[in-house]
Structures are given as structure tokens and as C-alpha cells.
Student: 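This is the structure I have questions about; it appears just below.
Sequential numbering from 1 along the given sequence is applied to the chain's residues.
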Amino acid sequence: MAMRVPKAPGLAQMLKEGSKTYHGLEEAVYRNIDACRELAKTTRTAYGPNGMNKMVINHLEKLFVTNDAATIMKELEVQHPAAKMVILASQMQEQEVGDGTNFVLVFAGALLHNAEELLRMGLSPTEVIDGYNMAAKKALEILPDLVCGEVHDLGKNEEVLKVIRTAVASKQYGNEDFLAKLITKACIMVHPKKTAFNVDSVRVCKILGCGVYQSTVIQGMVFKREAESDLNKVKDAKIVVYSCPFDMGNTETKGTVLIKSAKELMDFSKGEEGLMDAQVKAIAETGAKVVVSGGKVADMALHYANKYGLMVVRLNSKFDLRRLCKAVGATALPRLTQPTAEELGHCDLVYSDEIGEDKVVIFKQEKEESALATIVIRGSTENIMDDIERAIDDGVNNFKVLTRDQRLIPGAGATEIELARQLASYAETCPGLEQYAIMKYSESFESLVKALAENCGVKSQELIANLYAEHQQGKKTIGFDNEGEGVAVRDMVEANILEPYLTKMWGIKLASNAAATVLKVDQIIMSKPAGGPKPREKADWDDDD
């Protein structure tokens, strides 16, 4: 009988075979910090308007070429648990604000990198966490003092444009002026006066061909489909929307029809045709000019639609149907019945058009306030259009942030340097060991400015020295001028490089929480992965040709 080898005493003795444990600074804390630092290093080079693109090929072999941190993190399947915590913080930033995900990743990575230096100096993780929490609290107290203006009227193009332009410049540097005008126009079109702004109200339609500067905004909806009917343009149209196919309804139960002669067969067909004729005629009598169907359109139904002068559009997506109902004020009917006046929608112009090589159907509203607006993106490749769509998404989210809080702070590193300067002064007034952690927290803000400078090919230390010199004189709005010669600085209020207050506030809060959470972990216990049955061997199978 084989001898049973006893396990080593301690925690390992209690766990199942194959489990792993790591504890202490060397095994757990430094490993976690190293993983988060590597993650931050990946997206650091994509920070700012001159950030480099990443080429990501996901598990489905879909190619992404982007510098958008949210997309990169979404497509990378990161397994490390500590790195996942930082990714969760960046995803929370995406949900809360819709922009500033890279800020969270880079800042959290810098906080953890500086925390490692403190731990190696002899400070305990608790002292570092306490210092970081004090610094984060102080930073959020200082932040309202750095507000340099606010958007007084969300209906004015000039006021909204400068904020959206800054957000778009970080993704589409060079095209920011043109794209920001489109996004601002679309957002103001759909901004409701009484209810909350919905990001989903600004739709995007990507059509291959031409260039970015041929992109347009349409007040209403654009579908990449062809009209089913002969009629392809209707003005001042009443619209009926069906979520079912535009066809004869089938009975609930199966039935058998016994036909004994050719006459009976003819009468049966005529009865079906007569019923379809009556249904389409009833729809036309309500004044409806456009029929939108959520399923297939039968040939016989199309024939009668043409006979009564109805335009027929087919939409396969139920989400598109819902959005169209919202845009035109219609109610989607589940059965092919005659609509009431309340169930009908209205649109100023419905027409088929050709953009590039794609046939489209456009539902255009001409009144001042519309429920939906569509930005038609043109571009030479799918990847370019996808990246423009992400820039538009950031711009629209920035508009939503402005509806919640209109305050603005200077961008391009001005806020970071001022926070670093004031926190360094605050650290000197703290008597305990926490002052070292607060000092390192202030240095972490410098890493964001360094990333901006390095991505532009500028000496980062020289830039930080210049910025500190300006801020020491009380010029709080001086930031990095990436369009100037060499290490140039400029007043961000004059340059109109402004960011929403909430974006920075949530970024600091979430990055600090993520760093503190990672530092609190002193032991990692991993169970043996659950293994399913092994795949069958294909030993006797024939090779596929």
C-alpha cells in the first residue's frame, strides 16, 4: 500500500490539493503593484491628443486600432485579479462620466508605483493607505477652487463647443474642430428642456467612402436600408409602425381546407386577396402614408401598398423600431390592425437616398426640438469610422456631464500641477508618517503631465519645472501647449482647453479607491481551477480536406 505524504502545516494543509497561497509584501503586495503598473504602462502611451494607437485583436479575431482606453480594456481579457480591480475603476468612470478612463488607469498606476517606494522605505501599507485617503480628501476640497468658468446656457453653440472640442481632441486630434461642431449641433437639437438628456438620443450611422469632412448631422433617423415600395418620398407623412410582419396573419391552430373544384380554389385565393386589400385600404384611410414593418413584407401586401400609395420600410431590429417610434411619436402595433389617430406618428419628410454606394432611408424632422438626431460618419476604412464613433461617444457624454454640473476646470495638465503644488504644501503641515504618502500622492499627479509631454516628444522634467514656476506666481490656469515650439506653456482659458469638473472629480475618487483597495490586499488564496471533461481524441477520424 502506497504511503500518504502529509502536507506542510499551515493554511496549505486545510485547502484542496492544487490550491495556491501568496502572502506578505514580496509575494502578494509587490506582485499586485507590478501587475497594475504594467497595465497602466500599456495605456499611458495612449494618453492625450498625441497618444499612440494600440492594435488589439480580440478572441473573435476582430481588429481594433484605437487610443481609447475604455475600448482597449474591454477587448483585453486581463486575468490578474489586482489589475482587474483597476479596470473595474476605469469601467465605473466610463459608466459615471463616459470619459477620462485613461486618467484613472494612469493615475492609479502612478499611485501604486509610488506606494511601492514607500513600502520599501519601511512604511506599512496601512500608513500609506491613510496618507492616500487624506490626500484624496484634500484634493477634492482643493478642486472646486480651480474652477475657471461654467457653461451658462446649454443651448448656445459657442459655450458647449469649447468643452466638447477638448474631449474630441484627445481621440481625433486634427479633426476636433469639425467633429465638435457636428456633436454640439446634434446634442443641442435633442436636448430636452424639461427632462434629463439621454446619450442614446444621438445616433451614429457609418457609411464607407469619401472622408471625415463629408460627415453630416440629420435631425431624425437614418437607416441603411432600401424602401420596399415603389414610392420613395413622402412629405408631411403620418407613420404607422408594426412590430409584426406586413403579411396575412396566420391562425393560432392548424386547420385543413377541403377543396373539391377549381372554382372553390379560385374563391379561396380571392378571399385571401380581398382580406389583404381590405386591411391595406383600412390603413390608407387613416391618412397614414408610411408603413414601417418589423418583419418580412409579403409580395401581395406590397402590391396593395403600391396600389394605395403607401411607402413601405422594413426594419429588422426591434431596437431601431423603438427608436423610430420615439423619434416620430408613434406606437408600435403587434398586429396588422387599423391604427387610431393616437397610434400614428408624424414626420416632416421621409425619403430614400443614396450616400456613397449605400441606399438609405431618412426620417427627417424640421421642427426646432427633435427626439433623436443622427450623425452620418464618412470615412475611408471601417477602423477610422469606428474611432470617430468613439470620439463622438466621448463628446456626447461630456454634454451629458454638463447637464448635471456646468462647472469647468482648465485642461492640459494645469489642474494636475496645481493640485500637486497645493498637496505638497499640505504634506509639510502634517506631522505623522502620512506626510510621506501625501507627498507621493502629489507626485502621482505629475506623472499625468509627464505622460502628455512624453507622448508629444517634449522633455517632461523641463515642462514640469516651467509649469511649477508659473503656478508659483498664482497663474492657476497655465498648462502645456502641445502646439507651441518645444517646451511651451499657455493659459488654458485663452486656448479654450477646458474639461468638465465632474470628469476630474470622479477620476481622482475612483483611482484613489482602486489604489487603496489593491494596497489593502496582503494575501492571495487561489483555488484549483474547475476542470471539465477533456475533449475526445480524434484518433480514428478522417482528415478534413
Student: Charged N to carboxylate O under 4.0 angstrom, Arg165 versus Asp177?
Tutor: yes
Student: Out of curiosity, Ile409 CD1 to Ile497 CD1, how far, rounded to the nearest 0.5 Å?
Tutor: 13.5 Å
Student: For residues Leu321 and Ser243, determine if any side-chain heavy atom of one lies less than 4.5 Å from a side-chain heavy atom of the other.
Tutor: yes
Student: Ignoring hydrogens and geometry, is there a side-chain-to-backbone donor-acceptor pair from Thr374 to Gly220 under 3.5 Å?
Tutor: yes
Student: Hey, is the main chain of Arg314 close enough, under 3.5 Å, to the side chain of Arg225 for a donor-acceptor pair?
Tutor: yes
Student: How about Tyr242 and Val291: do any of their side-chain heavy atoms sit closer than 4.5 Å?
Tutor: yes
Student: Apply side chain to side chain donor-acceptor pair (under 3.5 Å) to residues Lys54 and Thr45 and explain how you reach the verdict.
Tutor: CA-CA 9 Å; Lys54 307 289 175 190; Thr45 53; 2.6 Å; yes
Student: Determine whether a donor-acceptor pair (N or O, by modelled atom type, separation under 3.5 Å) exists between the side chain of Gln172 and the backbone of Ala169.
Tutor: no
Student: Given 3.5 Å as the limit, does a donor-acceptor pair link the side chain of Gln365 with the main chain of His346, or not?
Tutor: yes
Student: Which heavy-atom pair separates Cys205 from Val222 by the least distance, and what is that distance?
Tutor: SG-CG1, 3.9 Å
Student: What are the two closest heavy atoms between Ser447 and Ala110, and how far apart are they?
Tutor: OG-CB, 3.1 Å
Student: Dump the intermediate steps for salt bridge (Lys or Arg N to Asp or Glu O under 4.0 Å) on Arg323 and Asp200, then the final yes or no.
Tutor: CA-CA 9 Å; Arg323 288 185 191 113; Asp200 204 40; 3.3 Å; yes
Student: Quick one: side chains of residues 302-309, donor-acceptor pairs under 3.5 Å with protein atoms, not counting sequence neighbours, listed by atom name and distance.
Tutor:
{"unit_1": "Asn306", "atom_1": "OD1", "unit_2": "Asp230", "atom_2": "N", "d": "3.0"}
{"unit_1": "Asn306", "atom_1": "ND2", "unit_2": "Asp230", "atom_2": "OD2", "d": "3.4"}
{"unit_1": "Asn306", "atom_1": "ND2", "unit_2": "Leu302", "atom_2": "O", "d": "3.3"}
{"unit_1": "Tyr308", "atom_1": "OH", "unit_2": "Asp277", "atom_2": "OD1", "d": "2.5"}

Student: Between Asn58 (side chain) and Glu61 (backbone), is there a donor-acceptor pair under 3.5 Å?
Tutor: yes
Student: After noting the C-alpha distance and the side-chain angles of Leu324 and Phe363, does the key distance pass the side chain to side chain contact (heavy atoms under 4.5 Å, CB included) rule?
Tutor: CA-CA 9 Å; Leu324 181 66; Phe363 289 78; 3.7 Å; yes
Student: Provide the closest heavy-atom pair for Ala412 versus Leu452 in the form atom of the first, atom of the second, distance.
Tutor: C-CD1, 3.9 Å
Student: Evaluate Glu150 against Arg407 for salt bridge (Lys or Arg N to Asp or Glu O under 4.0 Å), listing each step before the verdict.
Tutor: CA-CA 4 Å; Glu150 59 180 75; Arg407 288 177 291 175; over 6 Å; no
Student: Which side-chain hydrogen bond (donor to acceptor under 3.5 Å, both in side chains) pairs, counting each pair once, include a residue from residues 78-96, with sequence neighbours left out?
Tutor: Glu96-Arg404
Student: For Thr42 and Glu38, indicate whether the former's side chain and the latter's backbone hold a donor-acceptor pair under 3.5 Å.
Tutor: yes
Student: Quick one: ring pair (Phe, Tyr, Trp, His ring centres under 6.0 Å) partners of Phe445, sequence neighbours excluded?
Tutor: Phe107, Tyr441
Student: Check Asp68, Asn67, Asn102, Thr101 against Thr43 for a side chain to side chain donor-acceptor pair (under 3.5 Å) and give me the one that passes.
Tutor: Asn102
Student: What's the separation between atom CD in Glu389 and atom CD1 in Ile384, rounded to the nearest 0.5 Å?
Tutor: 14.0 Å
Student: Starting from the C-alpha separation in whole Å, work towards a yes-or-no answer on side chain to side chain contact (heavy atoms under 4.5 Å, CB included) for Ser215 and Val376.
Tutor: CA-CA 5 Å; Ser215 302; Val376 179; over 6 Å; no
Student: Would you mind reporting whether Leu112 and Arg37 have side-chain heavy atoms less than 4.5 Å apart?
Tutor: no
Student: Go through Leu208 and Asp358 one step at a time and tell me if the side chain to side chain contact (heavy atoms under 4.5 Å, CB included) criterion holds.
Tutor: CA-CA 8 Å; Leu208 204 62; Asp358 291 40; 5.7 Å; no
Student: Is there a donor-acceptor pair closer than 3.5 Å between any side-chain N or O of Gln406 and the backbone N or O of Leu402?
Tutor: yes
Student: Could you tell me which non-hydrogen atom of Lys289 sits nearest to which non-hydrogen atom of Val234, and how far apart they are?
Tutor: CB-CG1, 3.6 Å
Student: Decide yes or no for Glu141 and Lys137: does some side-chain heavy atom of the first lie under 4.5 Å from some side-chain heavy atom of the second?
Tutor: yes
Student: Any chance you could measure Lys185, atom NZ, to Thr216, atom OG1, to the nearest 0.5 Å?
Tutor: 8.5 Å
Student: Quick check: do Glu499 and Val163 have side-chain heavy atoms less than 4.5 Å from each other?
Tutor: no
Student: Could you tell me whether Arg44 and Glu454 make a salt bridge, using a distance below 4.0 angstrom between a side-chain N and a carboxylate O?
Tutor: yes
Student: I'd like to check the ring pair (Phe, Tyr, Trp, His ring centres under 6.0 Å) partners of Phe178; sequence neighbours left out, ordered by chain and number.
Tutor: Tyr213
Student: If you round to the nearest 0.5 Å, how far is CG of Leu408 from OG1 of Thr503?
Tutor: 10.0 Å
Student: Between Lys359 and Asp353, does any side-chain N to carboxylate O distance fall below 4.0 Å?
Tutor: no
Student: List the steps, then state whether side chain to side chain contact (heavy atoms under 4.5 Å, CB included) holds for Ile362 with Ile218.
Tutor: CA-CA 9 Å; Ile362 298 170; Ile218 289 170; 3.9 Å; yes
Student: To the nearest 0.5 Å, what is the distance between CG on Leu182 and CG on Asn175?
Tutor: 10.5 Å
Student: Taking the side chain as every heavy atom from C-beta outward, state whether Ile508 and Leu419 have any atom pair closer than 4.5 Å.
Tutor: yes
Student: How about Asp348 and Lys364: do any of their side-chain heavy atoms sit closer than 4.5 Å?
Tutor: no
Student: Per the ring-ring contact (aromatic ring centres under 6.0 Å, His included) rule, what does the pair list look like for residues 43-66, sequence neighbours excluded?
Tutor: none
Student: Distance from Lys233 atom NZ to Ser352 atom OG, nearest 0.5 Å?
Tutor: 11.0 Å
Student: Name the atoms and distances for all side-chain donor-acceptor pairs under 3.5 Å in residues 392-400, with sequence neighbours left out.
Tutor:
{"unit_1": "Asp393", "atom_1": "OD1", "unit_2": "Asn397", "atom_2": "ND2", "d": "3.4"}
{"unit_1": "Asp394", "atom_1": "OD2", "unit_2": "Lys171", "atom_2": "NZ", "d": "3.0"}
{"unit_1": "Asn397", "atom_1": "ND2", "unit_2": "Asp393", "atom_2": "O", "d": "2.9"}
{"unit_1": "Asn398", "atom_1": "ND2", "unit_2": "Asp99", "atom_2": "OD2", "d": "3.1"}
{"unit_1": "Asn398", "atom_1": "ND2", "unit_2": "Asp394", "atom_2": "O", "d": "2.8"}

Student: Val202 versus Ile375: any side-chain heavy-atom pair under 4.5 Å?
Tutor: yes
Student: Look at the side chain of Asn455 and the backbone N and O of Ala451, then say whether any donor-acceptor pair between them is shorter than 3.5 Å.
Tutor: yes
Student: Donor-acceptor pair, distance only, cut-off 3.5 Å: does the side chain of Thr415 make one with the backbone of Gly411?
Tutor: no
Student: Give a yes or no on whether Lys206 atom NZ has more than 12 heavy-atom contacts from other residues, nucleotides or ligands under 6.0 Å away.
Tutor: yes
Student: Hey, does the side chain of Arg378 reach the backbone of Ile207 with a donor-acceptor pair shorter than 3.5 angstrom?
Tutor: yes
Student: For the residue pair Val147 and Tyr501, what are the closest heavy atoms and their distance?
Tutor: CG2-CD1, 4.0 Å
Student: Check whether more than 12 heavy atoms from other residues, nucleotides or ligands sit under 6.0 Å from atom NZ of Lys326, and answer yes or no.
Tutor: yes
Student: So does Lys224 have more than 12 non-hydrogen atoms from other groups sitting under 6.0 Å from NZ?
Tutor: yes
